[in-house]
Amino acid sequence: QSCREQIVQMLNELPELFNGTHEVESCLGAALKAAYKMISPTGGRITILQGSLPNLGPGALTSREGGQQKDKIDSGLLGPTTDFYKKLALECSGQQVAVDLFVLSNQHVDLATISGISKFSGGQVSSFIGYHSHKNLSVAEKFDKAFRRYLTRKIGFESVMRIRCTRGMSLHTFHGHFFVRSTDLLSLPNVNPDAGFGMQVSIDEDLKDSREVSFQAALLYTSSKGERRIRVHTLCLPTSNSLQEIVQGADQQCIVGLLAKMAVDRSLNASIYDAKEAFINACIDIISRWRMVQCANQPGALLVSPNLSLVPLYILALLKSFAFTQRSGVPLDERTMSMINMKCLPLTGLIQSMYPDLYRVDQLEKVKTIEDEEGILIPDPDRIQLSAENIAMSGVYLMDLGDIMYLYLGKVTSSFFCEKIFGVSKVMDVDENLLDLPELDNEDSERLRALIHHLNNKKSHPVPIKIVRDDSNQRHLFISMLIDDRSQASYSYYELLQQLKSEIK
């Protein structure tokens, strides 16, 4: 608080300090070392906004974007080229300093290498591909909202997290951003409510004499007010010797989330092809075990427990994601960022990013409603399967990807809808640069805005809306997320089910 005036003055002067300079090199390594020396006596947080490849001084890199083969993905390109950033991150972790990285770039920055500074210091990595403050307003708004959340959310300093479990079981292979100080102690210089972690459990002894097993996570941290606190979560689960009960109690989203984290490690240590094979084998195992439990062998049918029925669909979404797609032409940084999200996003955000929620919103007056906490009626449309088969040319659809929403306007969207929602008579007159819906005084506008507000209330922060017309060059953003349909280098949901059926004996 005592330095607020100087900080505000520095932020106001910053845009002019290097305005018009012809120096375009980036000396990220040197800047980090300087920042570390300044903050290491107290600990805290370093925030990086990186817009180009670090190519000068300590930790200088050369572009690897041209090293990709068109028909093959080299796993070596997905790992770091130098351990400079990892070593510096470990020094930061030792002094209770976390480094958070925001990439605002239209070019290759070798995220696979520079992200090490955040991975091993307990920091976060966020990427805003295509960022431009004037020419790409939707990405600029997305960054604005995410950065506001970053600056205002709660934070814990000098944190450690220890996870224990019942004797006879052991935890191994932790996933997320941290430094493992001992077998079950994670060092987290900073901790925040938007971070996700995963860990794998081994059963080392027979648990037949145990009626239940317990897991406990204890987080010790210092609040922003300087108070030392501890937060403990304990989970107790019953044991069973019945495979049917185990399967019926399984959480399919949790299973898919952990499979995604394991697949990232498999991709880095072996190949993306091996990760794909592991995904398919996981589906086969789940279906085969259930068929064995049910003692059923119906020709032409894929029998699976109802609460695991979406696993093949989620696996297909993972196979089509930038992290694991075998499609050529995916930029290295986008593939790396997708893998980081697989490892670090909270489960809800991860599932929504890979298989978004889709609603039809041009007929909200006909759908059922629910009441929010203030008693306001909110439209509650049914979710739609992500297939072009369900997209009408006259329809309007809202796709929620977690960190952004797409409002897709069909080619023959009614003039009535355009008038009520946007105040124009034709769909071609709708401005695609809108970042929010106009507040028009009619029930249709209020219904749609109430639904969007309701969806945003479930998130850590409000996210922007991007208008996508069917006749625009942005159409691919929406179409590419129709996971159920066939796409380049990947099959449709129906084709995946046929492959699973042919491989299950």
Side-chain angles (χ1 to χ4, degrees), residues 3 7 28-50 54 58-59 80 82-103 111-127 146-147 149-164 171 173-199 217-233 261 337 340-341 343-346 460:
C3 300
I7 293 172
L28 173 62
L32 278 171
K33 295 190 84 167
Y36 168 68
K37 285 184 179 180
M38 293 170 63
I39 200 173
S40 58
T42 59
R45 178 173 79 183
I46 298 172
T47 304
I48 307 169
L49 281 79
Q50 185 70 12
T82 173
D83 62 358
F84 171 84
Y85 295 96
K86 178 179 178 179
K87 285 182 176 179
L88 185 54
L90 295 179
E91 290 181 35
C92 288
S93 180
Q95 297 299 319
Q96 300 297 337
V97 176
V99 184
D100 298 320
L101 174 62
F102 292 82
V103 176
L111 189 58
T113 298
I114 66 174
S115 62
I117 191 66
S118 299
K119 179 179 179 181
F120 298 100
S121 68
Q124 76 169 63
V125 179
S126 302
S127 179
F147 201 62
R149 164 66 179 174
Y150 170 75
L151 293 174
T152 57
R153 70 190 177 194
K154 292 183 178 180
I155 185 173
F157 299 99
E158 300 183 15
S159 314
V160 288
M161 181 163 62
R162 171 163 270 143
I163 303 166
R164 299 183 177 94
L171 295 165
T173 318
F174 296 89
H175 303 276
H177 282 182
F178 46 77
F179 174 63
V180 182
R181 193 178 293 176
S182 64
T183 54
D184 62 349
L185 187 69
L186 308 184
S187 175
L188 302 164
N190 287 181
V191 66
N192 67 77
D194 299 333
F197 302 91
M199 57 284 304
L219 178 70
L220 179 66
Y221 67 98
T222 301
S223 73
S224 55
K225 296 180 180 180
E227 299 170 342
R228 198 65 175 160
R229 297 176 177 175
I230 186 167
R231 173 172 289 187
V232 180
H233 290 271
K261 292 169 170 53
M337 189 64 235
I340 291 171
N341 285 337
K343 295 279 273 187
C344 298
L345 278 182
S460 61

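Residue numbers start at 1 and run along the sequence shown.
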Visitor: Take R149 and D194 through the side chain to side chain contact (heavy atoms under 4.5 Å, CB included) test and state the conclusion after the steps.
Guide: CA-CA 10 Å; R149 164 66 179 174; D194 299 333; 2.9 Å; yes

Visitor: Are D100 and I46 side-chain neighbours, meaning at least one heavy-atom pair lies under 4.5 Å?
Guide: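 SC-SC contact between D100 and I46 ruled out.
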
Visitor: Could you go step by step and tell me if V191 and I155 meet the side chain to side chain contact (heavy atoms under 4.5 Å, CB included) rule?
Guide: CA-CA 6 Å; V191 66; I155 185 173; over 6 Å; no

Visitor: Could you grab the distance from atom CG of D83 to atom CG of L88, nearest 0.5 Å is fine?
Guide: 11.0 Å

Visitor: Considering all heavy atoms of both residues, which atom of F84 and which atom of G59 are nearest to each other, and what is their separation?
Guide: CD2-CA, 3.6 Å

Visitor: How close do S118 and V99 get, heavy atom to heavy atom, and via which atoms?
Guide: OG-O, 2.7 Å

Visitor: Working to the nearest 0.5 Å, report the span between CZ of F157 and CZ of R45.
Guide: 6.5 Å

Visitor: Using side-chain contact (heavy atoms from CB on, under 4.5 Å) as the criterion, list what pairs up with S115, not counting sequence neighbours.
Guide: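 S115 satisfies side-chain contact (heavy atoms from CB on, under 4.5 Å) with L111, V125, I340 only.
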
Visitor: Excluding sequence neighbours, so at least two apart, what forms side-chain contact (heavy atoms from CB on, under 4.5 Å) with S126?
Guide: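 By the side-chain contact (heavy atoms from CB on, under 4.5 Å) rule, S126 matches F102, Q124, F128.
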
Visitor: Going from OH on Y85 to OG on S121, what distance comes out if it is rounded to the nearest 0.5 angstrom?
Guide: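 Taking OH in Y85 and OG in S121, the distance rounds to 13.5 Å.
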
Visitor: Taking only residues two or more places apart in sequence or in another chain, which ones pass side-chain hydrogen bond (donor to acceptor under 3.5 Å, both in side chains) with S127?
Guide: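 side-chain hydrogen bond (donor to acceptor under 3.5 Å, both in side chains) check on S127 returns nothing, list empty.
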
Visitor: Can you pull the salt bridge (Lys or Arg N to Asp or Glu O under 4.0 Å) pairs that have at least one residue in residues 218-227, sequence neighbours excluded?
Guide: E227-R229

Visitor: Would you find a donor on one side and an acceptor on the other, under 3.5 Å apart, between the side chain of H177 and the backbone of G123?
Guide: yes

Visitor: Any donor and acceptor pair, going by atom type alone, linking the side chain of S40 with main-chain N or O of Q95 inside 3.5 Å?
Guide: no

Visitor: Please identify each residue that fulfils side-chain contact (heavy atoms from CB on, under 4.5 Å) with D184, with sequence neighbours left out.
Guide: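 Checked D184 against side-chain contact (heavy atoms from CB on, under 4.5 Å); matches are R162, R164, S182.
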
Visitor: Shortest non-hydrogen contact from T113 to P80?
Guide: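 Minimum heavy-atom contact is OG1-CA, 3.3 Å.
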
Visitor: Rounded to the nearest 0.5 Å, how far apart are CD1 of I163 and OG1 of T183?
Guide: 11.0 Å

Visitor: Mind checking whether Y150 and F147 have parallel, tilted or perpendicular rings, split at 30° and 60°?
Guide: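 Y150 vs F147 ring planes: parallel.
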
Visitor: Please set out all donor-acceptor pairs under 3.5 angstrom arising from side-chain atoms of residues 31-39, sequence neighbours excluded.
Guide:
none

Visitor: Apply side chain to side chain contact (heavy atoms under 4.5 Å, CB included) to residues S159 and L219 and explain how you reach the verdict.
Guide: CA-CA 7 Å; S159 314; L219 178 70; 4.2 Å; yes

Visitor: What's the spacing between K119 NZ and L101 CG if we round to 0.5 Å?
Guide: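 The NZ atom of K119 sits 14.0 Å away from the CG atom of L101.
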
Visitor: Which residues pass the side-chain hydrogen bond (donor to acceptor under 3.5 Å, both in side chains) test with N192, not counting sequence neighbours?
Guide: none

Visitor: Are there more than 12 heavy atoms of other residues, nucleotides or ligands under 6.0 Å from atom CZ of R231?
Guide: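 No.
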
Visitor: Once side-chain hydrogen bond (donor to acceptor under 3.5 Å, both in side chains) is applied, do any residues pair with S223, and if so which ones, sequence neighbours excluded?
Guide: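 Partners of S223 under the side-chain hydrogen bond (donor to acceptor under 3.5 Å, both in side chains) test: none.
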
Visitor: Could I get the full list of side-chain contact (heavy atoms from CB on, under 4.5 Å) partners for S187, not counting sequence neighbours?
Guide: S93, F179, R181, P189

Visitor: At what distance, to the nearest 0.5 angstrom, does CD of E158 lie from OG1 of T42?
Guide: 9.0 Å

Visitor: How would you list, by chain and number, every residue that makes a ring-ring contact (aromatic ring centres under 6.0 Å, His included) with F197, sequence neighbours excluded?
Guide: none

Visitor: Applying salt bridge (Lys or Arg N to Asp or Glu O under 4.0 Å), can you list everything that pairs with K86, at least two apart in sequence or on another chain?
Guide: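 So K86 forms no salt bridge (Lys or Arg N to Asp or Glu O under 4.0 Å) with any residue.
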
Visitor: Using every non-hydrogen atom in the two residues, find where I117 and I114 come nearest and quote the distance to one decimal.
Guide: CG2-O, 3.0 Å

